[in-house]
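Down below is the structure, laid out as structure tokens.
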Amino acid sequence: MAETAPRPSNFIRQIIDKDLASGLHSSVATRFPPEPNGYLHMGHAKSICLNFGIAQDYQGTCNLRFDDTNPDKENIDYVNAIKQDVKWLGFEWAGKERYSSDYFDALYGYAVELIEKGLAYVDFSSPDEVRALRGTLTEPGQNSPYRDTTPEENLAHFEKMKAGEYKEGSCSLRAKIDMASAFMCMRDPVIYRVKFAHHHQTGDKWCIYPMYDFTHCISDAIEGITHSLCTLEFQDNRRLYDWVIENISIECTPRQYEFSRLNLEYTVLSKRRLIQLVEDKHVNGWDDPRMPTIAGIRRRGYTPASIQEFCKRIGVTKMDNMVEMSMLEACIRDELNTDAPRRMAVLDPIKVVIENYPEDKVEWIDAANHPSEEGMGTRKIAFSKTLWIEREDFREQANKKFKRLVLDKEVRLRNAYFLKANSVDKDQNGEVTTIYCTYDPDTLGKDPADGRKAKGVIHWVSATEAKPAQFMLYDRLFTEANPAAQEDFAGCINASSLVVKHGFVEPALAQSENLERFQFERTGYFCVDEESTPDKLIFNRTVELRDTWAKIGD
RNA sequence: UGGGGUAUAGCCAAGUUGGUAAGGCAGCGGGUUUUGAUCCCGCCAUUCGUAGGUUCGAGUCCUGCUACCCCAGCCA
């Protein structure tokens with residue numbers, strides 16, 4: 001119990017340990033480089049925890065750098081949301097946030113250097129022509145007819161590109177590497193394209209924008225990044241990354257290492273699909289609590305610590321993986337089990353009338369906020385003649401495994417008395433509308449003197465003092481473990497991923513703050529939704545309690 | 001034989017001079033319990049994709065094979 005948590009160990013940290021031990025580096029510098037074209041999701045959280053976590057543990061630095069080389073798809077709203085999410089996750093980047101666009105002048109200079117060295121040329125082939133000459137996975141490509149243009153001519157053409165004299169798609173700057181390379185990305189990759197687009201950082205200064213492969217490595221070098229961490233699909237690109245660094249005049253030689261991206265069961269973690277969910281209105285925005293976005297999961301009630309813990313538990317490797325939701329859920333349950341105050345809430349109410357309880361009497365009972373943490377104190381709960389209990393907690397008859405209220409049987413009302421069901425009222429459909437009961441006044445805070453045992457314990461609220469509330473019950477967004485593998489992933493959206501219930505909560509919940517978290521005993525962990533008001537209480541169910549009974553069934 | 005990667009339990013994942021398979025999640029038994037929660041105790045890989053080889057000894061070394069992922073955007 002008193003053991004100190006072992007420091008995370010993974011292949012990247014081992015590389016860093018080696019680099020530090022060998023003297024290759026005396027300090028560590030990482031970066032988190034999101035493209036501001038969408039919201040951050042759990043996959044980014046993994047990268048954030050990795051990069052910022054390493055910086056923290058090695059007393060190094062981690063920059064936040066927006067990889068903003070494609071103004072067509074990026075905008076300032078995304079950069080603001082991303083900054084907010086990183087901060088909320090509990091991380092602080094070194095200095096001011098950076099932008100790849102901060103280096104556009106330097107990048108242009110390095111492109112000129114490559115041209116002067118005869119290592120880059122302006123190609124007037126159309127995108128289709130470039131593709132046609134690129135070859136295939138098994139056949140080498142062919143040289144572009146513009147490949148042997150002299151540096152002087154190329155310099156002039158590149159100058160004109162920058163000046164806006166060439167139309168979009170009419171030409172591009174390509175690195176001259178090897179059209180026969182087995183690495184497709186080395187077959188004279190385009191490093192600059194013409195794009196007459198307004199940029200959120202540089203405005204209309206540029207009409208040519210550098211490509212990712214050219215930009216990322218140089219940005220890393222400029223910032224003095226020692227270990228540039230990215231996902232597996234960039235493994236081939238590492239050859240180009242190294243080629244650029246080796247062929248331009250820059251001292252720093254950052255190294256790229258790749259780890260596998262996160263996959264979570266029953267959800268999708270690709271921006272393209274997430275955007276589709278939002279645009280096609282399958283969810284109510286980026287922060288819909290069913291979304292695996294940082295914003296969504298935050299609104300759902302997850303804490304920064306629980307997400308960091310999750311990232312620690314899943315580890316960092318190069319193996320393709322598909323993590324079970326239970327892994328994530330265990331993290332938030334662990335935290336909320338110790339931190340969340342207990343409350344009572346009835347999600348699907350049915351009325352109980354206690355026949356032997358005085359008509360207008362209201363008792364205010366002290367109830368512990370936590371079963372084992374006395375330091376969390378107590379709050380007052382109201383007890384009266386009419387109560388609400390959970391509809392599923394009552395049956396007219398049941399087998400012995402049913403540990404709740406049954407006609408002619410007794411249960412313990414949580415934090416209160418023994419209650420026995422005597423009779424019921426039903427409507428025309430045979431639905432029970434009211435349960436008439438009697439309570440044992442000598443069972444508050446103690447067991448009956450005669451040794452009677454209760455069948456079980458159920459939660460309740462006083463019908464006269466309780467506050468109405470809306471409960472948002474979330475379930476997995478998809479019915480398939482790997483929706484991305486489906487022909488049409490939107491086709492397997494879970495129709496009951498959101499179920500809204502209208503019930504009641506104990507009076508103490510009347511005033512609660514946005515995102516305040518509670519355990520509603522026996523029903524789950526909930527947090528106050530941002531749209532909740534004292535007049536209209538709304539609670540989001542973060543996660544259910546572990547429920548072995550549900551698995552056994554009856 | 002295009003190239004680049006990865007294979008350890010249902011899931012994630014340790015295992016780094018070869019020395020006799022960590023841990024977490026899930027699951028299964030039992031105990032405690034005024035939450036069918038928590039907590040506690042116990043169980044859960046004679047075996048590391050597969051076939052061989054080297055060795056006193058192999059998840060770790062060698063060889064062959066198989067499976068899966070990534071690469072042919074002027075996206076990142």
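In what follows, every chain begins at residue 1, and chains take the letters A, B, ... in the order their sequences are listed.
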Taking atom [atom2] of [N] as reference, at what distance in whole Å does atom [atom1] of [X] sit?
| X | N | atom1 | atom2 | value |
| --- | --- | --- | --- | --- |
| A/Leu232 | B/G5 | CG | C1' | 6 Å |
| A/Met319 | B/G5 | CE | C1' | 13 Å |
| A/His370 | B/C39 | NE2 | C1' | 11 Å |
| A/Asp236 | B/C70 | CG | P | 12 Å |
| A/Asp188 | B/C74 | CG | C1' | 14 Å |
| A/Ile314 | B/A14 | CD1 | C1' | 15 Å |
| A/Asp213 | B/C74 | CG | C1' | 12 Å |
| A/Glu329 | B/G27 | CD | C1' | 15 Å |

Measuring from the side chain of [X] (C-beta onward, heavy atoms only), which nucleotide among [options] has the closest atom?
| X | options | answer |
| --- | --- | --- |
| A/Glu521 | B/C74, B/U8, B/U35 | B/U35 |
| A/Pro371 | B/G5, B/U35, B/C75 | B/U35 |
| A/Glu324 | B/G10, B/G36, B/A76 | B/G10 |
| A/Tyr212 | B/A76, B/A37, B/A26 | B/A76 |
| A/Gln235 | B/G5, B/A76, B/G2 | B/G5 |
| A/Ala182 | B/A76, B/G3, B/C25 | B/G3 |
| A/Thr136 | B/A72, B/U8, B/G2 | B/A72 |
| A/Ser326 | B/A72, B/A26, B/A13 | B/A26 |
| A/Arg546 | B/U38, B/C75, B/G5 | B/U38 |
| A/Leu545 | B/C71, B/C11, B/A37 | B/A37 |

Taking NZ, NE, NH1 and NH2 as the nitrogens, is one of them in [X] or [Y] under 4.0 Å from a carboxylate oxygen of the other?
| X | Y | result |
| --- | --- | --- |
| A/Glu265 | A/Arg476 | no |
| A/Asp178 | A/Arg239 | no |
| A/Glu410 | A/Arg452 | yes |

Sugar-phosphate, base or nothing in reach of A/Ser100, heavy atoms under 4.0 Å: nothing
Touch class at under 4.0 angstrom, heavy-atom based, for A/Lys446 against every strand present: base
For nucleotides [N] and [M], find the distance between their [atom1] atoms and express it as a whole number of Å.
| N | M | atom1 | answer |
| --- | --- | --- | --- |
| B/U66 | B/A51 | C1' | 10 Å |
| B/U50 | B/U6 | C1' | 15 Å |
| B/G59 | B/U46 | P | 13 Å |
| B/G19 | B/U55 | C1' | 12 Å |
| B/A26 | B/A9 | C1' | 11 Å |
| B/A7 | B/C65 | C1' | 14 Å |
| B/U8 | B/A13 | P | 9 Å |
| B/G24 | B/A45 | P | 15 Å |

[X] side chain to [Y] side chain, donor-acceptor N/O pair below 3.5 angstrom:
| X | Y | value |
| --- | --- | --- |
| A/Gln256 | A/Glu258 | yes |
| A/His216 | A/Arg31 | yes |
| A/Ser126 | A/Asp128 | no |
| A/Ser100 | A/Asp67 | yes |

A/Phe66 vs A/Tyr99, ring pair (Phe, Tyr, Trp, His ring centres under 6.0 Å): CA-CA, chis, key distance, verdict: CA-CA 5 Å; A/Phe66 289 97; A/Tyr99 297 85; 5.3 Å; yes
Less than 4.0 angstrom between a side-chain N/O of [X] and OP1 or OP2 of [N], yes or no?
| X | N | answer |
| --- | --- | --- |
| A/Ser181 | B/G3 | no |
| A/Arg239 | B/G5 | yes |
| A/Arg238 | B/G5 | yes |
| A/Arg134 | B/C74 | yes |
| A/Arg333 | B/C39 | no |
| A/Lys318 | B/C69 | no |
| A/Thr317 | B/A13 | yes |
| A/Arg131 | B/C74 | no |
| A/Gln14 | B/G15 | yes |

According to the Watson-Crick and G-U wobble definitions, with both distances under 3.5 Å, which nucleotide is paired to [N]?
| N | answer |
| --- | --- |
| B/A26 | none |
| B/A9 | none |
| B/A45 | none |
| B/C75 | none |

Anti or syn - B/G42, cut at 90° from 0: anti
Does any N or O donor sit under 3.5 Å from an N or O acceptor when you compare the side chain of [X] with the base of [N]?
| X | N | result |
| --- | --- | --- |
| A/Arg342 | B/U35 | yes |
| A/Asp547 | B/G36 | no |
| A/Arg404 | B/G36 | yes |
| A/Glu258 | B/G5 | no |

Evaluation steps, salt bridge (charged side-chain N to carboxylate O under 4.0 Å, His left out), between A/Arg522 and A/Asp393: CA-CA 11 Å; A/Arg522 303 211 313 132; A/Asp393 282 343; 2.3 Å; yes
Upstream residue (5' side of RNA chain B) when A/Arg412 and A/Ser260 are each assigned their closest nucleotide: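 With A/Arg412 and A/Ser260 compared, the 5'-side residue is A/Ser260.
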Residue whose closest nucleotide on RNA chain B lies nearer the 5' end, A/Pro127 versus A/Thr443: A/Thr443
Reference residue A/Tyr192; test ring-ring contact (aromatic ring centres under 6.0 Å, His included); the match among A/Trp206, A/Tyr212, A/Tyr110, A/Phe158: A/Phe158
B/G36 base stacked by A/Trp549 (centroids within less than 5.5 Å, tilt under 30°): yes
